[in-house]
Amino acid sequence: METSNYSYEQLSKEIRELRWQLEEANETIEAIRTGQVDALVVQNGNGHQLYTLKSADQTYRVFIEKMNEGVATINKEGYILYSNTRLAQMVHLPLDKVIGLSFEALVADESKELYRSITEEGWIKDCKEEIQLKDSNGKQICCLVSCTALELDEGMTLSLILTDLTVQKKHTHQLKIQNELLEDARYLTEKLNDELEDTVRARTKDLLISREHFKLLANHITQMTWTNLPNGKVNYFNQRWYDYTGLTFEQTREWGWKAVVHPDDLANTIAKYMSALQSGQIFEVENRYRRGKDGAYRWHLNRAIPLKNENDEIIFWVGTATDIEEQKRELDRKDEFIGVASHELKTPLTGLKGYLQLMTFYKNDDLPPRIKQYLTKANMAIGKLQYLVDDLLDVSKIKAGRLNYGMQIVNLKQIVDDCIENAIHIYPAFTFEIDNKTGFMVKGNAERLEQVLMNLVNNAVKYSRDVKKITIKTLKLENWVRVSVTDFGIGISEEQKNKIFERFYRVSDKKNMTSGLGMGLYISSEIINTHKGKIDVESKLGKGSTFYFDLPLEKA
Ligand code: ADP
């Protein structure tokens, strides 16, 4: 057709008509796509022609439009005859640009060969493959493509269904990582488990050995042993306990052991036991246990120590009861001997002292100076001997419960002053710091109280090293009066503090060992006890000690 033969009006009309036809065609395509029509009349060179869409096709078209997969049909040359919206979205192209494109243009270079081979195969039989598409930005999309040949009215076409595998791939990848992590964790757990099993096996073996060890040890030592819980209930005894008491575990467990303690010792035992449980300090008490076979009570020394965990909490106590019956008898014999010996010594000592005194009367006469000197030294030696014998006699009297003396209201200031005067006289190398207040009246025996105070002063001198200073004080504490003697000497350890008031106890410290028999503090504490008072010490090793006794004040 020659364009020049057309007038402007004719051309405008034709363009309007074509535009209208195009619009109509677009609407029709949209209507077909969305399933709104199933028949249409198309005008072509041969006049109007009716095209019907098979009703089943209409349903499928709706499905295809709504599908999450990309769908295309291509002809033999590979050109896209139909594409659903999803495919256009996948490749980021407008739908009208996709239709008419060669499908291969949407395939990434690396997949082109595979694409060709599957589309070739697809015409013959259904097939599936994973290929890479590329979108309009060049980004690759991993897809599963399924090919099926379709016979349509317009001839044979190949239908391609494209499933976007990106998310699935991502998930698979994540799953793989998770699996790997899981596998690592499983391996580690298994390893840890093996190690743990080894440790448990080794520990169980150790535990078994140490249990057997403990049982063997516990059942073969000469002492009776037990363990008790922090609440005091006994939960184990060794064989010796059953052999000695003749009783069973059931009879003596928890608090059942009380039945075999001598009734006279029970209150003291329970008091010390409870106090140890409360304080967590070592439990120590002497008491008598009844022997099963003959009902005899034998003295035992009980000791228990707490076993603590890493948080310093007591888990249980381990105790031993050692038979000290023989030692007790031995000690009784020794006491008896001391009593007799000191008594026997006293008579010749008194005689000796008398004769020496007589000789001293001749001092001013014409005695050679050397003899006078010997007399003075003999008097001093006799004085020391007298102290010793007196102490020994006191100890045996205390043991026999016969340390008796009269008590009256006495002025403590006077007693302390007398002692100070005495001390200044016999220890000229020492300075005495005094704070002796008036007005303290107590009920007691002046001589015995002086003996106690002098003993504390003598010890302060004896156990001082470089600092030759002693402080003596009296102090009112509510209804009590305290007399204290402070030195700056060798001091006493915490452990020894409780022991020094025992009979014949001396701290075994070779470096600072001095003469003495360990009787002074024992006698002092007995005297203060009979005065209804308290005697004690505060001390720091290497720094010095303050010994003090408290007496109840008498009302003026
Ligand atoms: P003795 O002094 O004769 O040994 P004591 O009964 O007076 O006996 O004292 C018992 C123990 O207490 C002493 O052996 C000594 O170890 C210790 N002791 C007493 N007084 C003091 C003190 N002031 N400083 C340090 N230790 C002391």
Side-chain angles (χ1 to χ4, degrees), residues 284 331 334-335 338-339 341-342 345 380-381 383-399 403 416 419-420 422-424 426-427 429-435 447-474 482-531 533-550:
E284 198 174 295
L331 218 63
K334 197 164 86 185
D335 284 335
I338 289 171
S342 50
L345 278 171
M380 276 166 61
K384 276 190 183 167
L385 201 60
Q386 179 78 55
Y387 267 127
L388 255 174
V389 172
D390 285 347
D391 273 359
L392 283 170
L393 274 170
D394 278 352
V395 169
S396 49
K397 276 188 207 157
I398 291 169
K399 270 307 288 171
L403 186 69
V416 177
C419 273
I420 291 166
N422 197 10
I424 291 172
I426 51 180
Y427 300 121
F430 277 77
T431 26
F432 290 89
E433 207 177 84
I434 316 290
D435 182 5
E447 240 174 77
R448 288 296 183 178
L449 290 176
E450 234 182 276
Q451 182 185 346
V452 173
L453 186 54
M454 254 343 267
N455 179 41
L456 299 187
V457 175
N458 288 340
N459 279 348
V461 168
K462 212 155 68 165
Y463 300 105
S464 284
R465 286 283 166 269
D466 307 324
V467 186
K468 303 219 175 294
K469 190 175 108 178
I470 288 165
T471 308
I472 302 172
K473 276 188 192 170
T474 52
R482 173 168 293 184
V483 183
S484 66
V485 179
T486 304
D487 66 63
F488 305 90
I490 62 169
I492 301 158
S493 73
E494 203 57 39
E495 198 193 340
Q496 288 154 350
K497 268 187 206 166
N498 305 320
K499 307 228 166 177
I500 52 173
F501 295 99
E502 287 172 13
R503 194 159 42 124
F504 306 129
Y505 183 84
R506 307 202 69 222
V507 174
S508 50
D509 171 5
K510 294 215 171 64
K511 202 171 76 192
N512 293 307
M513 212 58 181
T514 55
S515 63
L517 291 175
M519 293 187 289
L521 287 180
Y522 170 67
I523 297 169
S524 298
S525 78
E526 284 297 322
I527 292 172
I528 296 300
N529 282 346
T530 51
H531 280 76
K534 286 180 287 192
I535 185 164
D536 213 340
V537 60
E538 279 165 11
S539 184
K540 265 213 170 116
L541 208 58
K543 294 263 187 277
S545 321
T546 296
F547 278 85
Y548 60 86
F549 58 86
D550 297 343

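Whatever order the structure lists ligands and atoms in, that order sets their numbers, starting from 1. In what follows, every heavy atom counts, from backbone to side chain, and hydrogens, waters and symmetry copies are set aside.
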Original post:
Given Gln386 and Asp390, is the side-chain hydrogen bond (donor to acceptor under 3.5 Å, both in side chains) satisfied, shown in steps?
Top reply: CA-CA 6 Å; Gln386 179 78 55; Asp390 285 347; 3.2 Å; yes
**OP:** Inspect the surroundings of NZ in Lys497 and state if more than 12 heavy atoms from other residues, nucleotides or ligands are less than 6.0 Å away.
**Re:** yes
**OP:** Give the atoms of ligand 1, by number and element, whose distance to some non-hydrogen atom of Ser545 is under 4.0 Å.
**Re:** 24 (N)
Subject >> Reference residue Phe488; test side-chain contact (heavy atoms from CB on, under 4.5 Å); the match among Lys469, Lys543, Arg465 >> reply: Lys469
Original post:
Is any NZ, NE, NH1 or NH2 atom of the basic residue among Arg448 and Asp394 found under 4.0 Å from an Asp or Glu carboxylate oxygen of the other?
Top reply: yes
Original post:
Hey, looking at atom 12 (O) of ligand 1, which of Asn455, Ile500, Leu456 has the closest heavy atom?
Top reply: Ile500
Original post:
In ligand 1, which numbered atoms sit nearer than 4.0 Å to a non-hydrogen atom of Met519?
Top reply: 6 (O), 8 (O)
Original post:
With atoms numbered from 1 as shown, which atoms in ligand 1 lie under 4.0 angstrom from a non-hydrogen atom of Lys462?
Top reply: 1 (P), 2 (O), 3 (O)
Original post:
At a non-hydrogen distance cut-off of under 4.0 Å, which region of Ile492 contacts ligand 1 (side chain, backbone, both, or neither)?
Top reply: side chain
**OP:** Closest by any non-hydrogen atom to atom 20 (N) of ligand 1: pick that one out of Thr546, Val485, Asn459.
**Re:** Asn459
**OP:** Mind checking whether Tyr505 contacts ligand 1 via backbone (N, CA, C, O), side chain (CB onward), both or neither, at a 4.0 Å heavy-atom cut-off?
**Re:** backbone
Original post:
Just by modelled atom types, is the Val485 backbone N or O under 3.5 Å from a matching donor or acceptor in the Thr546 side chain?
Top reply: no
Subject >> Min heavy-atom dist Phe501 to ligand 1 below 4.0 Å >> reply: no
Subject >> Those atoms of ligand 1 less than 4.0 Å from some heavy atom in Leu517 >> reply: 3 (O)
